[in-house]
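For the numbers below, each heavy atom of this structure counts, side chains included, while hydrogens, waters and symmetry mates do not.
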Amino acid sequence: MFAAERRQLILEMVRANGAVSLRELARVVQTSEVTVRRDVRALEAEGLLDRRHGGAVLPGGFTRESGFPQKSHLATAEKTAIADLAANLVEEGEAIVVGAGTTTQELARRLARVPGLTVVTNSLLVAQALAHANRVEVVMTGGTLRGSNYALVGSGAEQSLQGLRVSRAFLSGSGLTAERGLSTSNMLSASVDRALVQAAAEVVVLADHTKLGTDTMFQTVPTDLITRLVTDEPPAHDDRAATELQALADQGVQITVAGAPGGSAGAGGPGGDAGPARQQRRDVPLPGPRRQVPGAGSGLRSATMLGEQSPGAERARVADLRRR
């Protein structure tokens, strides 16, 4: 394929989806990510798209939010790997909140197998994934339906979360930076996500590598309130993503990284058939103690070092939360 043909195809994919990862572009045009990155730079110089960390978006992508159909086709293998690892954090009998998003939807599909679980969510997609799980209780917030991501938002959603207390919140978003934390492009979604955070003792962010270093309009979770990040292994040449991960670790965020499905990243193998047994896990060590978060007694959590709590201590803490 000639360069002009490649670039036209890349542009058509970005226009159709709103945002596309370099890995996916390379797979479709059947070339290396290095070549695709060069093509994306050329298209950006012409003002036809904007480069983003690990991908490309339509011009003005800082304020643009892709709809669910577009997001559901982005980084699917990475989201599967992230969901597999995140599900391992959930124990039998826990009460958790799960926010809206395509990655959290993948997580919900795996939570259907956890007995005695209570899931509070504002996402119709999360609730649908758990609808036939006999041993899982699903509690939905009130609110106004936002059709672009099938989530309940507004004052009704926020008020229904008041007084709630659970062990963990699992959230996704549009971007994640060490400087600003998790962010999203929609004000109503950001407001509900903040209410979900207030209800949880710990906050787990699910974000694939294309969101690392991306900043969007509305902050949802500042970095010092993020307990753990579950992400995928950035490509070897993506120095910025690696730098962002280290910066997050330096601020005390526990980071769990899923290896590429079936082996090396970008190998072109099928991502959809990668189960938990084929995923590699890597924890980024923290450089020092996590600072305490003000207001932990009123709904915010104080973070802990990676591996500091044993499973038994964690279960006792969750049981204590339920008694409250």
Side chain to side chain contact (heavy atoms under 4.5 Å, CB included) partner of I96, chosen from L89, L111, T118: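 Running side chain to side chain contact (heavy atoms under 4.5 Å, CB included) over L89, L111, T118 with I96 returns exactly one hit, L111.
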
With a 4.5 Å cut-off on side-chain heavy atoms, are [Y] and [X] touching?
X	Y	result
V204	L171	no
R23	E33	yes
R228	V253	no
N149	S189	yes
L117	E137	no
V97	L164	yes
T214	L176	no
L107	L206	yes

Nearest heavy-atom neighbours spanning [X] and [Y]:
X	Y	result
T141	A157	OG1-CB, 3.9 Å
S21	T210	CB-CG2, 3.6 Å
A258	A81	CB-CB, 3.7 Å
V166	A95	CB-O, 3.2 Å
P234	L245	CG-CD1, 3.9 Å

If you round to the nearest 0.5 Å, how far is [atom2] of [Y] from [atom1] of [X]?
X	Y	atom1	atom2	answer
T31	R38	OG1	CZ	8.0 Å
L25	D39	CG	CG	9.0 Å
M140	T121	CE	OG1	6.0 Å
T256	N88	OG1	CG	10.0 Å
S167	E202	OG	CD	7.5 Å
R41	L49	CZ	CG	12.5 Å

Cluster check V34, L43: I/L/V/M/F/W/Y, side chain < 4.5 angstrom: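 Looking at the clustering, L43 is in a separate group from V34.
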
T144/L152 under side-chain contact (heavy atoms from CB on, under 4.5 Å): CA gap, chis, key distance, verdict: CA-CA 5 Å; T144 303; L152 297 172; over 6 Å; no

Using only atom types and a distance under 3.5 Å, with no angle test, would you say the side chain of [X] pairs donor to acceptor with the backbone of [Y]?
X	Y	value
T227	V203	yes
Q251	A178	yes
D208	E78	no

With [X], which residues qualify under side-chain hydrogen bond (donor to acceptor under 3.5 Å, both in side chains), at least two apart?
X	value
T243	none
E179	none
S172	K211
T177	none

E44: partners by salt bridge (Lys or Arg N to Asp or Glu O under 4.0 Å), with sequence neighbours left out: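 For E44 the salt bridge (Lys or Arg N to Asp or Glu O under 4.0 Å) partners, ignoring immediate neighbours, are R51.
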
Residues forming a salt bridge (Lys or Arg N to Asp or Glu O under 4.0 Å) with R37, sequence neighbours excluded: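 With neighbours one apart ignored, the set is empty.
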
Derivation and outcome, side-chain contact (heavy atoms from CB on, under 4.5 Å), residues V139 and V119: CA-CA 6 Å; V139 179; V119 177; over 6 Å; no

CD/Q30: more than 12 non-hydrogen atoms of other groups inside 6.0 Å: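 Atom CD in Q30 is not crowded, with 12 or fewer foreign heavy atoms closer than 6.0 Å.
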
Mind checking what makes side-chain contact (heavy atoms from CB on, under 4.5 Å) contact with [X], not counting sequence neighbours?
X	result
A190	T184, R194, F218, T220
Q8	E12
L188	V153, N186
Q128	L125

Pairs where residues 99-108 contributes a residue and the test salt bridge (Lys or Arg N to Asp or Glu O under 4.0 Å) is met, not counting sequence neighbours: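 Only E106-R109, E106-R110 qualify under salt bridge (Lys or Arg N to Asp or Glu O under 4.0 Å).
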
Chi angles and distances behind the side-chain contact (heavy atoms from CB on, under 4.5 Å) call for T103, F170: CA-CA 10 Å; T103 311; F170 291 87; over 6 Å; no

From CA spacing to verdict: side-chain hydrogen bond (donor to acceptor under 3.5 Å, both in side chains), T216, S174: CA-CA 7 Å; T216 52; S174 302; 4.6 Å; no

Audit row: M13, E24, side-chain contact (heavy atoms from CB on, under 4.5 Å) steps and yes/no: CA-CA 10 Å; M13 288 182 63; E24 180 66 12; 4.2 Å; yes

Salt bridge E94-R168, side-chain N to carboxylate O under 4.0 Å: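 Looking at E94 and R168, the cut-off is met.
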
Exercise: do T223 and R180 side chains pair donor with acceptor under 3.5 Å: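 There is no such pair between these side chains.
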
